[in-house]
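Because the structure is predicted, anything quoted here is derived from the model rather than measured. A note on names: the letters A, B, ... follow the listed sequences, proteins ahead of strands, and every chain is numbered from 1.
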Amino acid sequence: MKKLLDTLGHYLDVTLCNIKLALMVIIEYPASIAGWLISNPIQFIVGFATIKFVVAQFGEINGWNYGQLAFLYGLSVISHAVSMMFFVQGWFMGYSVIEGDFDRYLTRPLGVLYQFFFTTFNIFGITDLIPGIVVFIYGCIETGFRFTLGNAVGILVMIIGAAFIRGGIYIMLGSTSFWTKSANDFGQYTQEIFDKSTMYPISMYPESLQFILTYLIPIGWVSFYPVSGLMGIETAVGIGSGNVWITFAVGIIVMLAAGLMFRIGLRRYESAGN
Amino acid sequence: MSYLYVMKTQLIRSFTYRFDVYGNIIMQTIIMVTTAFFWKALFGSGSFGNGMTADKMLTYTIISSAMSVLFTTGVERRIQRSVQQGSISVEMIHPINVFGVYFAEDMGTIAALLFQNLLPIIIIGSLVIKVPMIVSVSAIPMFAASLVLSMGINWLLAAIFGMWAFTAVEMDALIQVKKHLLRLLSGSIIPIWFFPDSLRAVLEALPFVYIYQLPLDIYVGSASTEDILRRMVIQVIWFAVLGTAFFILQRRVLGKVMVQGG
Amino acid sequence: MIRVNDLHKEYHVVKKGQGLSGAVKGLFKSEKLTVNAVNGLNFHINEGEIVGFIGPNGSGKSTTIKMMTGILTPTSGEVLINGQNITKHRKEAVRDIGVVFGQRTQLNWDLRLEESFELLRHIYRIDKKQYSETLEVMDEILGIGEILSKPVRQMSLGQRMKGDLAASMLHSPKVLFLDEPTIGLDVGTKYSLRKFIKEINRLRKTTVILTTHDLGDIQQLCERIIIINSGVIMEDGNLSEIVERIAPYRTLKVEFYDSDIPKHERAELISEDNNVACYKFFKSELTAAELIRDLSGEKAIKDISIEEAGIDDIIRIAYGIKNVE
């Protein structure tokens, strides 16, 4: 137990040092912050506006009105932002595999996956948070969502779980590069699939697809099920407000599976230039 | 010719990553199928003001997915990398135009993708969703003409954006802005007929809708012939404007490299 | 300190077809080849040794070093660092090693050197006192002080290399692995790097393992060399003993007063250039004194020098390149 705490303390210490260094790098390149501060919010605000136009034409999407959709969209973007801050490196894992970046991590006495994600901490992920929070607040107002302590905790738990699910899936996709020996870059596609399946209610899709998104590739748990729970909307899996905890559990499971896959893949790592 | 050689090399290079090929097809199929279901659920059995039905919207989705393959560009990244690594001045020693090489590379990639992605997407789309038939045989020549112009506009936009790399080193964010605007405002995912009229008027003045929306409208027959002809004229104008801008800019940019040495 | 037992590494390579048709065919079926990059290595390295790994490109020496540092997982066999299996207990075992690759830096491009060091201080949990002591030593030998506040991206190759070396020594590892440390460096930097390696080996008893193509590195640093080719050890032992065994000859370079050069029955005349001649002779057959006496008996000698067989000869012989004579 003492040893575990000691290890945790050590990782926390290194993490803080990394965050400090990441901030220093950003301060040296202020132009890039400005770029991301504009680019990321534009993407989501425009994306949200297009949903509004669609809803305006059809009234509602599968029984969800505009306020509820904003609530769903906002939370989806927030968990996306968190996953960007901590796990965006997963999108580029293929390049690291091919270019031998893991050499450095493997020769240091810390977890490889930890170093991979945290030695280049992505502060810019914060810029995604802004539009997420704006849309989420809008959704709260429109739906008259009541902020109780239980709800607040539920939302926090859900965001952590959802970020884990996203991160785990990035890791799994990135790890395929250990087998294929090519820099698979599915970042953009992953993002599009996540957009399609987390920003709209998945109940609009056929049952077969819903089944896949619930049990096989558990993207349904990123936003649809927990938000339905919070909104009190009945879904195929029922349950209600407990959904946020299932999201959390699913997140942990996906992360563990991803870690396992990464470890197995790492044994096939060939460094660069062989 | 040397540009053809560059194109062929790129074509071969694109074929060598087998997993990439299959992975991309799978991902694009998932995106296409979910989009199709999305519209199916929204439309139900109803129809939209301009005669659009769920059935036509499915055709729209499949063709839009297939078309996205033709709009693959690597020119922005290529320029950025060349400038950052300083290899641009070396590349300019060769007796061929650098931008010509980038264009040939992109065309080579697209040629490979025709078989690797476009064909599989249409086949899978036909099997899983529906056979995406064009609205009438007489629309084919117009569709083809407008598609070629679309590809031109798309590439020129990418190249002009890429040239930013010569001024601002950090341009990842800019490329992203352009990518998202293109994705959301070109009609590739959501047709702009859903947008409010005022916004639509603004968008029709910008080049983005002439990349996806116009050829797609021709293909599914969701606009009147006069309307199509009017927009094709604007498309030609945009192509000419961007082409001219590109030639002026590239001459200036390459001149700058000559002076500064990259 | 280091023990390598029956180490093997196999790679699977996908065979690619030629040209466009080959590329298209490759989409549907491909042939796999198994390559044995490292094929049964056994050796032992003691504390305080400086060992040079030598071998041509593709010989498996890089693969070996990468397995010894925990970067690659062996197909079979094991590497023990200070008694710990590096594959099974990577995190513990790598505390005892420092690694520098000449071709690529371990430092963060965007940071100043001291910031990279600061991160390493946290990673290895080096206490402040020890840290500043080590830095002082580094400054003394390598002159690291003047580049501490310089961003890595602005450094010359030599400065970066010094930074990398210092970074790898911050946590005072027992073993230092250097993969082509002097590649591309100028004479002055090479000199100070070699001095650094000798110094830390003398002062801290640090075991050093290096791969190199630079004969100067080997001659000046290594007492022991391990020659690898095609994934197996060709030679392993004391440098001068290997020289003695593989190339037990010397060359005598003689300058005469004119170009009429005499021959000797027990020494081979390997080159003549105007007044200067080189004789190759085996120590077991002839002593240098005898050869000089015999030659000076025939012609007047102006100047002489004796050369041991060069390390390059050893390497060529060991690699199996026969054009030495």
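- Proximity to chain A is limited to the side chain of B:I30, based on heavy atoms less than 4.5 angstrom apart.
- The closest side-chain heavy-atom distance from B:T34 to A:I193 is not below 4.5 Å.
- For chain B, no part of A:I202 is nearby; none of its heavy atoms comes within less than 4.5 Å.
- In this structure, the portions of B:L42 lying under 4.5 Å from any heavy atom of chain A include both its backbone and its side chain.
- A heavy-atom distance below 4.5 Å is found between the side chains of A:M204 and B:F38.
- Using the six-membered ring where Trp is involved, A:F58 and B:W39 have ring planes that are tilted, between 30° and 60° apart.
- Within the 4.5 angstrom heavy-atom criterion, atoms from both the backbone and the side chain of A:I61 approach chain B.
- Counting all heavy atoms, side chain and backbone alike, B:L184 lies closest to A:Q43 at CD1-O, 3.6 Å.
- No side-chain heavy atom of A:F53 sits under 4.5 Å from any side-chain heavy atom of B:I190.
- B:K179 touches chain A through its side chain: at least one heavy atom from C-beta onward sits under 4.5 Å away, while N, CA, C and O do not.
- Considering every non-hydrogen atom in both A:Q57 and B:W193, the closest pair reads NE2-O, 4.3 Å.
- Among residues 195-203 of chain B, the residues having any heavy atom closer than 4.5 Å to a heavy atom of chain A are, in sequence order, B:F195, B:P196, B:L199.
- Residues from residues 64-86 of chain A never place a non-hydrogen atom less than 4.5 Å from a non-hydrogen atom of chain B.
- The two residues B:R183 and A:D195 make their nearest non-hydrogen contact at NH2-OD2, 3.8 Å.
- Considering only heavy atoms from C-beta on, A:K196 stays 4.5 Å or farther from B:V33 through its side chain.
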